[in-house]
Structures are given as structure tokens and as C-alpha cells.
Amino acid sequence: MTATSTTATEPLVRPRRSSAFRRGLQDWLPRIVLAPSFAVIVLFVYGFIIFTVYLSMTSSTLLPRFDFIGLGNYVKLFDLPNWWIALKNLAIFGSLYIVICCVLGLLLAILLDQKIRGEGVLRPIYLYPMALSFIVTGTAWKWFLDPGIGLDHTMHALGWTSFHFGWIKDREMAIYTVVIAAVWQSSGFVMAMFLAGLRGIDTEIMRAAQIDGAGPWQLYRRIIIPMLRPAFLSAFVVLAHMAIKSYDLVIALTNGGPGRATELPATFMYSYTFTRSQMAIGAASAVVMLMMVASIIVPYLYSELSTEREQ
Amino acid sequence: MSTATEGPQLGSGSVFGRAILYAVLIVFAVYYLLPLVIMLLNSVKPLDEIRSGNLIAPPQHWTLQPWLSAWSEAQVGVQATGLKPYFVNSFLMVIPAVTISMVLGAINGYVLTKYRFKGDSIVFGLILFSCFIPFQIVLIPMAKVLGTLGIAGTVPGLVLVHVVYGLGFTTLFFRNYYAAFPTELIRSAQVDGAGFFRIFWRILLPSSGPIIVVTIIWQFTNIWNDFLFGASFSDFDSQPMTVALNNLVSSSTGVKEYNVHFAGAVLAALPTLVVYIVSGRYFVRGLMAGAVKG
């Protein structure tokens, strides 16, 4: 992004009123102006985090209670089979979601990077699902995968009567339908990240390798893909934290079912807190979710900010 | 640095190879477009045609009834109001939330790049991390605070929530943008006696066009598409579009009107889709700024 500064043509000079108060005010203004936003974030983000952490160590049920009982709720949480189902589902969903999005995104980026006529049409088509709400995506895929009216039904109507695809109603397979819908929504975005990475690679390095006799496949495998490491890292961080926070898509697609087959930590937290009146357990699960996100985001932000300072 | 405009050519560049390449790219385009096409096709079909026919067949009898029904007649929650009031709610929520969070973010970005004070990097770090927290961690105290303030279950309550949790991203966007703005211009204006707000108003703001567009698109898309806050903090008369759509689709009473569901889903997607089509370039830029630089 380049900022142009040609617009400030009017003279900025004003007769100076050099009162000490004014100068003092000008010194303090930046801080005064930033203060409300910062206060809001300290209170509504960090204050609330502390509140929820404390709540997770109380005996709150339907309403918050403030009796400190220690870490018992965490022990209880990790004794709950439902929580383990949610964690296991998150592991399956998260790993497949990240891997498939990265593979598909990289493939599409490389293919689009081949002097394609009509790239300007294809790229926005790959990317538009990212503009949709997960509720819309979930609704579309819910009916599309529904055996009653969707793919199954359509194949039968077209004459392929032995076709069967009922994953969304199958306890074993339902979590994979969440992967299918989520990949559809996010893979175009990963493509855009990789494409930006590919377009930023120095041609000199490629030319040197080509002179050394490297073919295009070797060039991709040995030189170009390894140089996309920063893009891989960003994609991983973004996808991982989206996976941990996934809530809307599951609600719209399967509502956690059939049974608890697609329960994730986010849906677990919501139902324990607001419908099952076990607020302290819900708070504990939220704290675990925060720790998962923090363990991914904090090192990433730290390294981003420190490289920025070096530049 | 010279940069590549295209990668090295895969295959021999033969006509056959190129044909396969284009075929693969088009198959993927179909894959991404199919769900949207299916929603559109089946939103103009009578219900019995969906039940007896297949999802990808074009309608034999075109009808706009599903759209009319989704808009103003369908049962959402307890009332048969259609999605219209919720569509309006979403706009009433999005417009002030985007405006307020953007104005604050612009000022914050200006302060964080053009003024130095003790602890400024810690301040920025704390603001930055707030972008990524799972919102489950703030749901319980937020519900309490909204109740205390007397705005629980109202549109202003949702505006407050979205301003608070949008501030991190708007600050990040403007901060990254203003970081590239020459600081010497600011310093020389200060020497000339220009004050804090005058510099912002006369020097930074006139060249902020692109980042304002990026921020509006990002915030608009995120807040319009939000479901968690809408589901947690709204009442029947303040629900945003996403929550109403989910109620419409998942209500278990009566006949499942798939065509109405599809029309409703397209209605809920329409505002963000229009924004994307009109200004896709800025949309991508926002995604990148939120991810790569963030």
C-alpha cells in the first residue's frame, strides 16, 4: 500500500498561540484520544477474560456465583465424555480442514499462475464463498447433502439408482460433511494467499535455477514451494484459529448432530452455559478454547511484530 | 527486486496440456459456483418440483412465490413476518457499528504510528490479540454487562458488542496503512503549528480512501455475517438476518419449504455478495491485511 500525500495543498501555517497549556494539551492529546478505545479493550476483552477464568473456578450453574472452589470444574470437564467428543471432532475437523484447504489452495494458485486467460474471472469465483455467512453456507450444504432432496435424490432422479451418499445422517461420517462445507468456503481464500506469495517470488532465483537445468516440476518442488513458507504459516494460523472458533457452520449444517456426532468445543460451550445451566463448566471450556487459540496466535504475532521492528 | 508475473510453465505448453489445465480450472469454478446456482435455481421452483425432480434441473414452472414468502410471509420464530424485519435489523446494526468502529480505528491507527509514548507497543499488542480471541470467552460477562446497561436484547446492544470487538481490526488496518505514510510530513506540519486533529483531518484523512474502503468492507462483511453474538444477545424483535435465517431453516414445525429456505439464504447472502462483486479487489486486500500482516 502506498500512501500519497499530494492532497495537503492548503497552507497549514496558523498564527501561533504559544501558550504552555496549548502545548501541553497537544502533547497529551494522542494519549487522551487513544485512551477510550484502549480502556474499552482492557475492560471488554481482558477484564472479561479474567471474569470468565474466575467464573470457571466457581460453582455457577444457571446464574453466576462467586464462591471460589479451585480447579474442580476443569477436572469435571475433562471427565465429561461430551467434551472428549468435541475435542476429538475438533482434531478430525481441524486437521482435515487445514490440510485440504492448503493442498487445494496451493494447487489452484499454481494452476492460476500459468499465464491463464480469464484469470480475472476465475479468481473471484474461487474466492466468493468467503464473503458468505457460514449460516448461508451451512444451509446450502445441509440441503445439498440431504439424502431426501439433495445429491442422493438428484442422482436417483438422473437414473443412477444405486448411488448412495448419506454422510450427513451418519454418526460416523457427519463430521466429514462439516469439513466439506468448510473447505468449500475457505479454500479460495488460501488460494489467494498462495497466489500473492507466488507473485512475490524473485524471478532471478528462478532464472538461475532454470539455467542450471531444473525442470518446472523440480523448480516448484525444490525452490518455489519452500519459498512459500511464510504463506503456509499465515494460512495455518488463520485456518487453525478459525477451526477452533467454528460454531455457526455446525449449527446451520447439522446442529451438532446426529446425536452429538458433530459437537465441537464452541457448540459444547454454548449448550453447557446457556441451555444446560452449567455455567462454570461452560466457562472452563471457553478458557480451554482461549488457551488453544493463544498457543497458536501469540507466537505468530510475536514473530510478526519482531520482524516488523527489525525492518 | 524483479518479481515474477507468472510462474514457470508446467507441462510442455502443448495445446493438449493447456486444454487439461483449463479443464481443471473450469471444473473447480463449477465446484465453487454449484451451491450458489443450486440455491438460485431452487428458489424459483415450486416445492413439488424439488421433491419429485432433481436439484440441478432448471425449473419447469418459474415462480417468485418462494422469494415473496421468504421476504414477508414465512414463519420465523413465532411470527409469520418473513425475513424482512430481520433484514432491516441487520442494517440498523451494521451501519452504526461499522461507522463507529472505523472512526475510532482511524484515530487509533494515527496515534499508534505518528506519536511515540511509553508502552505504545504493548498497547498495540494488546489491541492486536483482541482480534483473535474466541468470543466464547466474553459471552457470559457481556450478557451481564448488557443487562446492567439495560440494552440486553436490543439493536443498540448488538452495535456496542460489534464496535468493541471490531476495534482491534479497524485499528490494525489503519495502523498498517499509516505506518507507510511519511512521518516527515507530519513533523513539518507540526513545526508550522498544525495541531493534532488538524493534521489528521488535513493530511492523513484525504489520502485514506483505499483503507477506508477496505475497512468498511471488512467490518460490513464480518458484522453482517456474525451469528454467535446475534444468537446470544438478541430478542425476537432485534434478531439479525443470520439468526432469523437459521430459525427459518431449522424450525421443525410444518412442511419443510426448501425453496423458501434457499430464497432466504440468498437474501441473507445478497448484501455481502453485492459488496464483494462491486469491490472484490478491496475485499481481498482486507482479507490479506487481516491475515498476512496481522
Side-chain angles (χ1 to χ4, degrees), chain A residues 1 3-5 7-8 12-14 16 26 29-31 33-34 37-38 40-41 44-45 48-49 51-52 111 113 115 122 124-126 128 131-133 135-136 139-140 143 149 154 157-158 189 192 198 200-203 216 219 234 238 241 245 247-248 252 266 269 286 289-290 293 297 301, chain B residues 1-4 6-10 25 29 32 35 39 50 54-55 104 107-108 111 115 117 123 127-128 130 132 134 136-138 140-141 164 167 177 180-181 185 189 192-196 202-203 206-207 221 225 227-228 242 245-246 249 258 265 268-269 272-273 276 280 284 287 291-292:
Chain A
M1 286 179 229
T4 50
S5 51
T7 31
L12 288 152
V13 190
R14 277 201 297 182
R16 276 186 223 179
Q26 284 295 332
L29 254 180
R31 268 165 277 197
V33 165
L34 186 64
S37 296
F38 186 60
V40 159
I41 285 180
F44 283 77
V45 176
F48 281 10
I49 289 176
F51 184 94
T52 305
L111 293 183
D113 201 28
K115 297 195 182 69
L122 289 169
I125 290 176
Y126 296 166
Y128 87 89
L132 304 181
S133 153
I135 299 294
V136 172
T139 304
W143 294 144
I149 68 152
T154 303
L158 293 174
F189 168 49
L198 284 172
I201 290 175
D202 194 338
T203 42
L219 211 55
S234 305
V238 170
H241 107 278
K245 287 157 108 175
Y247 175 73
D248 327 9
M269 185 275 165
M289 287 178 67
L290 177 72
V293 170
I297 290 287
L301 291 183
Chain B
M1 191 176 89
S2 59
T3 51
E6 262 91 25
Q9 291 238 307
L10 291 172
L25 287 170
Y32 287 111
M39 283 199 284
I50 297 182
N54 66 63
L55 279 184
L104 291 173
I107 299 264
N108 295 345
V111 172
Y115 296 88
F117 50 88
V123 168
I127 294 177
L128 191 53
S130 78
F132 299 97
Q136 281 76 14
I137 198 81
V138 297
I140 302 169
V164 169
L167 260 183
Y177 189 78
F181 191 91
L185 278 174
D192 289 342
F196 177 85
R202 286 286 176 81
I203 302 182
S207 60
T221 313
N225 288 342
F227 177 75
L228 183 62
T242 47
L245 173 65
N246 189 54
V249 175
Y258 303 111
T272 51
L273 267 186
Y276 175 69
V284 178
L287 283 177
V292 181

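Naming: A, B, ... by sequence-line order, numbering from 1 per chain. Just so we're clear, the structure is a prediction, and the values are computed from it rather than from any experiment.
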Interatomic spacing from CG in A:Leu301 to CG in B:Leu128 - rounded to 0.5 Å: 4.5 Å
Taking every non-hydrogen pair under 4.5 Å, which of [options] racks up the most with chain A?
options: B:Leu228, B:Leu167, B:Ile140, B:Thr242; answer: B:Ile140
options: B:Val249, B:Leu104, B:Thr221, B:Leu273; answer: B:Val249
options: B:Val111, B:Val138, B:Leu25; answer: B:Leu25

Looking only at heavy atoms, what is the nearest atom pair of [X] and [Y], with distance?
X: B:Asn108; Y: A:Ser37; value: ND2-OG, 3.1 Å
X: B:Thr272; Y: A:Ala131; value: OG1-O, 3.0 Å
X: A:Tyr128; Y: B:Tyr32; value: OH-O, 2.7 Å
X: B:Leu55; Y: A:Thr154; value: N-OG1, 3.1 Å
X: B:Gln136; Y: A:Ala266; value: NE2-CB, 3.3 Å
X: B:Asn246; Y: A:Ala252; value: OD1-CA, 3.8 Å

With a 4.5 angstrom heavy-atom cut-off, which part of [X] approaches chain B: side chain, backbone, both or neither?
X: A:Ile125; result: both
X: A:Phe44; result: both
X: A:Tyr126; result: both
X: A:Met269; result: side chain
X: A:Ile297; result: side chain

side-chain contact (heavy atoms from CB on, under 4.5 Å) between A:Phe48 and B:Ile137, worked out: CA-CA 7 Å; A:Phe48 281 10; B:Ile137 198 81; over 6 Å; no
Intermediate values then yes/no, side-chain contact (heavy atoms from CB on, under 4.5 Å), B:Tyr115 and A:Leu34: CA-CA 11 Å; B:Tyr115 296 88; A:Leu34 186 64; over 6 Å; no
Those residues that, when tested against A:Pro124, pass side chain to side chain contact (heavy atoms under 4.5 Å, CB included) (two or more places apart): B:Tyr276
Top contributor to chain B interface from A:Val33, A:Leu122, A:Ile49, A:Leu158 [non-hydrogen pairs under 4.5 Å]: A:Val33
